[in-house]
Structures are given as structure tokens and as C-alpha cells.
Amino acid sequence: MNDNNLFRKEVLTLKRYVPGKPIEEVKKELGLEDIVKLASNENPLGPSKKAVEAIKLEAEKINIYPDPGVGTLREKLAQKYDLSPEQIVVGNGGEEIIKLIAQTFINAGDEAIMASPSFGLYATSVSHMGGIPIQIPLKNYKHDFESFIEKINEKTKLIFVCNPNNPTGNIMTEEEMDYLFNNIPDNVVVVLDEAYYEYAIKNPRYPDSLKILKERPNTIILRTFSKVAGLAGVRTGYCLTSEEIVNEMTKVKGVFNANRLAQIAAIAALDDEEHIEKTVELNYQSMKVMEKYFEDNNLEYIKSNSNFVFVDVNMDSRVVFQKLLEQGVIIRPGYLWNWDNWLRVSTGTIKQTEKFIEKLDLILNSTDS
Ligand SMILES: *Cc1c(COP(=O)(O)O)cnc(C)c1O
């Protein structure tokens with residue numbers, strides 16, 4: 001046995017992430033052929049074909065290190081958002097950006113305020129650096145900004161706003177964000193996690209975070225190519241913020257953190273607006289199918305502006321998860337966030353979504369449960 005002093009002390013108290021089951025594993029374990037994975041909010045239409053073509057060509061060059069400055073992609077993003085490339089950091093997924101933020105700002109004892117449940121990596125990354133995550137329970141299923149404001153003190157470095165929130169799927173509106181910004185000091189850095197941005201902007205009350213950034217430099221907007229763009233498997237995410245923050249974050253990041261295939265795929269995906277539009281349209285069609293079933297069966301759910309929905313099935317999510325798995329459907333069970341009777345379900349193609357509903361219906365109405 002190693003003595004515990006071997007490890008960084010914060011690491012010893014971290015918990016391992018419980019990942020969603022990979023399709024390949026479920027196929028092998030259960031001998032099933034046809035698996036529908038609605039557990040990780042991926043794009044059911046697949047990746048942009050343009051991105052796939054770009055990767056095929058780029059594959060011949062993988063003996064050469066990628067551009068450490070991620071020049072072409074940052075230039076393209078800067079044009080899209082009317083910012084300077086010096087305001088952009090590209091990461092190995094949004095995940096890496098969240099870790100970089102904690103590593104850039106958090107000293108031992110510093111505090112970061114966030115909702116609970118929300119994206120688990122905020123708390124893990126802050127704890128890793130010896131910081132203290134202040135986790136505020138949702139109120140009426142939303143970030144409780146009143147309590148966020150009460151918790152601010154001289155140790156507060158960061159505020160995470162997951163918008164839309166994962167796992168609940170709902171948004172904080174422009175008015176709610178204004179209330180937060182009008183009641184916090186300028187030196188607290190606010191991270192706006194907009195991993196589901198393209199879905200969320202269909203709601204006219206979704207805040208304009210770029211406008212917020214222009215007025216308030218201590219703001220970090222996080223976006224990713226993993227969700228709507230369908231590039232979860234190559235890992236690219238980025239943040240938009242002030243040049244000063246980019247400068248510090250860049251010192252912390254791995255030099256070649258954005259690999260060649262990720263960079264080229266993201267560049268191609270930015271040009272494939274049709275793919276994004278189709279994906280968002282399918283999402284809301286598929287969402288409607290689920291909402292109708294939930295309403296017809298009096299299941300409480302949270303109105304979503306992302307590509308997943310959180311629903312109360314009045315039954316232990318461990319049991320429902322396992323039974324759905326046996327029927328070839330993978331979802332994310334709510335017990336992982338201590339919401340025992342809830343499920344988080346990603347939208348699929350209409351056919352996949354209907355399969356989920358059919359199997360869920362069987363489980364909820366079977367007599368032996
Ligand atoms: C998926 C997700 C991310 C980032 O995912 P990456 O694949 O690492 O880019 C960040 N925040 C939230 C809330 C997410 O759901």
C-alpha cells in the first residue's frame with residue numbers, strides 16, 4: 001500500500017466520474033445488436049460530413065505536431081463573433097477549458113459558486129486546486145441567484161452558470177442574468193457554460209452573452225463542438241473572454257492541447273450551417289414527441305432548451321436504467337445527481353426517441369414493478 005502522502009491531498013478526496021456506458025460495451029454484455037444511446041447528448045444525425053472529409057485528408061499529416069496557436073480556427077471564430085483571436089482559447093473539449101479555468105484562478109481556500117445539480121466538473125476542478133465549491137441547490141429547478149449573491153465574499157473567485165443547465169436542460173433568462181450581474185462585484189469571474197448554445201437561442205429570452213462580455217471583461221463564455229456539431233469524439237471546445245484572461249490561461253494549457261484532427265474538423269464544421277440547422281430542427285421535433293408522452297402520462301418534466309430532457313418517472317432510476325438497458329436503450333439515471341426518480345434523456349432521431357418511449361412505457365406499466 002502506498003502511503004497517502006504520495007498523492008496530492010486534494011486528489012485523494014476526489015471521486016471518479018461515472019461515465020455513460022459505451023455502446024460497444026452494452027452490445028457485448030447483453031448480446032444486443034440494436035442499441036440506442038440517449039445518454040450523452042450527442043448528435044443523432046452524426047458528425048458534419050464536411051468535418052469527416054476534412055479529417056480524412058488531414059489524417060495523412062498526423063506525424064506533424066498541430067499548430068499550437070490554433071491560428072486558423074481562432075481566426076475563424078473571431079470573425080464569427082466579431083472578437084479578436086486574442087480573446088479565444090481552444091481546448092481539448094470544453095472539459096479542458098473548465099479545468100484550465102480552475103487552474104488559472106483558484107488558490108487553496110478560494111471559493112467558486114455553482115448550482116447543484118449542475119455539470120459535475122466545475123466542483124471537481126475547483127476541489128482539485130484546493131478551492132471550495134459552494135454548491136447551491138436549484139430553486140424551482142433553476143439557479144438560485146439570490147442565494148448565489150448572498151454567498152459572495154472576499155474569497156469568491158468564480159461563479160459558474162450552466163446555461164442551459166445540465167442535467168435539467170432549462171435556461172436562465174436575460175432578466176435573471178441581469179439581476180445576477182447587477183449584484184456581484186466586477187472582480188468575480190463569471191463562467192457562462194453555453195455548451196448547448198445553438199439549441200438555447202431558439203428561446204427569445206436566452207441572454208446575449210457576447211454583449212455581456214463586451215460590458216464585463218471578467219466573463220468567460222464556454223462553447224463546444226461536441227454537442228450540436230457532432231464532434232464529441234475528436235474533442236474541441238473553446239472559450240471567449242478578455243485578452244488578459246486568455247493570456248493567463250494560455251500559460252497553463254498544454255502546448256499542443258488541440259490536436260490536428262480536432263482543429264481541422266472544427267474549422268469544417270463552422271462552415272456547415274445546414275448540418276447545425278437540421279440538428280436543431282430534429283431536436284425540437286424529437287423533444288415534442290417526448291413531451292407529449294410525458295404529458296399524456298402525467299410525468300413531471302422540466303421544459304428544456306437543450307438536446308436532453310429531465311423527467312420524473314416516479315420509479316427508482318437505477319431500476320429503470322437497468323431495464324431500459326436490457327431493452328437496448330441507454331439513458332442517464334437521476335440517482336447520479338441524487339434525484340432518484342428522474343432520468344436525463346437525450347433527443348434521438350424520431351425513430352430512436354419512439355423506441356425509448358415504447359420501452360419506457362413497457363417498464364412503467366409492467367405489473368411486477
Ligand atoms: C458536454 C458539456 C460540456 C463540454 O463537453 P466537451 O465534450 O468536453 O466539449 C461542457 N459543459 C456542459 C454543461 C456540457 O454538457
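Here the structure is a predicted model, which is why all the values come from computation and not from measurement. Counting starts at 1 for both ligands and their atoms, following the listed order.
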Under 3.5 Å, N/O to N/O: give me all the pairs between ligand 1 and the protein, one per line with atom names and distance.
unit_1	atom_1	unit_2	atom_2	d
ligand 1	7 (O)	S226	OG	2.6
ligand 1	7 (O)	R235	NH1	2.7
ligand 1	7 (O)	R235	NH2	3.3
ligand 1	8 (O)	G94	N	3.0
ligand 1	8 (O)	E95	N	2.9
ligand 1	8 (O)	R235	NH2	2.7
ligand 1	9 (O)	G94	N	2.6
ligand 1	9 (O)	T224	OG1	2.6
ligand 1	9 (O)	S226	OG	3.2
ligand 1	11 (N)	D193	OD1	3.2
ligand 1	11 (N)	D193	OD2	2.6
ligand 1	15 (O)	N166	ND2	2.9
ligand 1	15 (O)	Y196	OH	2.6
ligand 1	15 (O)	K227	NZ	3.0

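Shown here are the salt bridge (charged side-chain N to carboxylate O under 4.0 Å, His left out) partners of K142, two or more places apart in sequence or in another chain: E176. By the ring pair (Phe, Tyr, Trp, His ring centres under 6.0 Å) test, Y199 pairs with no residue at all, sequence neighbours left out.
W337 and I134 fall into different hydrophobic clusters, defined by Ile, Leu, Val, Met, Phe, Trp and Tyr side-chain heavy atoms under 4.5 Å apart, directly or through other members.
Here the two rings, on F310 and W339, have centers that are under 6.0 Å apart. For F294 and Y301, the ring centers sit closer than 6.0 Å to each other.
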Below 3.5 Å, can you tabulate the donor-acceptor pairs from side chains in residues 155-172 to any protein atom, sequence neighbours excluded?
unit_1	atom_1	unit_2	atom_2	d
T156	OG1	N153	N	2.9
T156	OG1	N153	O	3.2
K157	NZ	F105	O	2.8
K157	NZ	D110	OD2	2.7
N163	OD1	M172	N	2.7
N163	ND2	M172	O	3.2
N165	OD1	S118	OG	2.7
N165	ND2	P117	O	3.0
N165	ND2	T168	OG1	3.0
N166	OD1	R344	NH1	2.7
T168	OG1	N170	OD1	2.8
N170	ND2	Y141	O	2.8

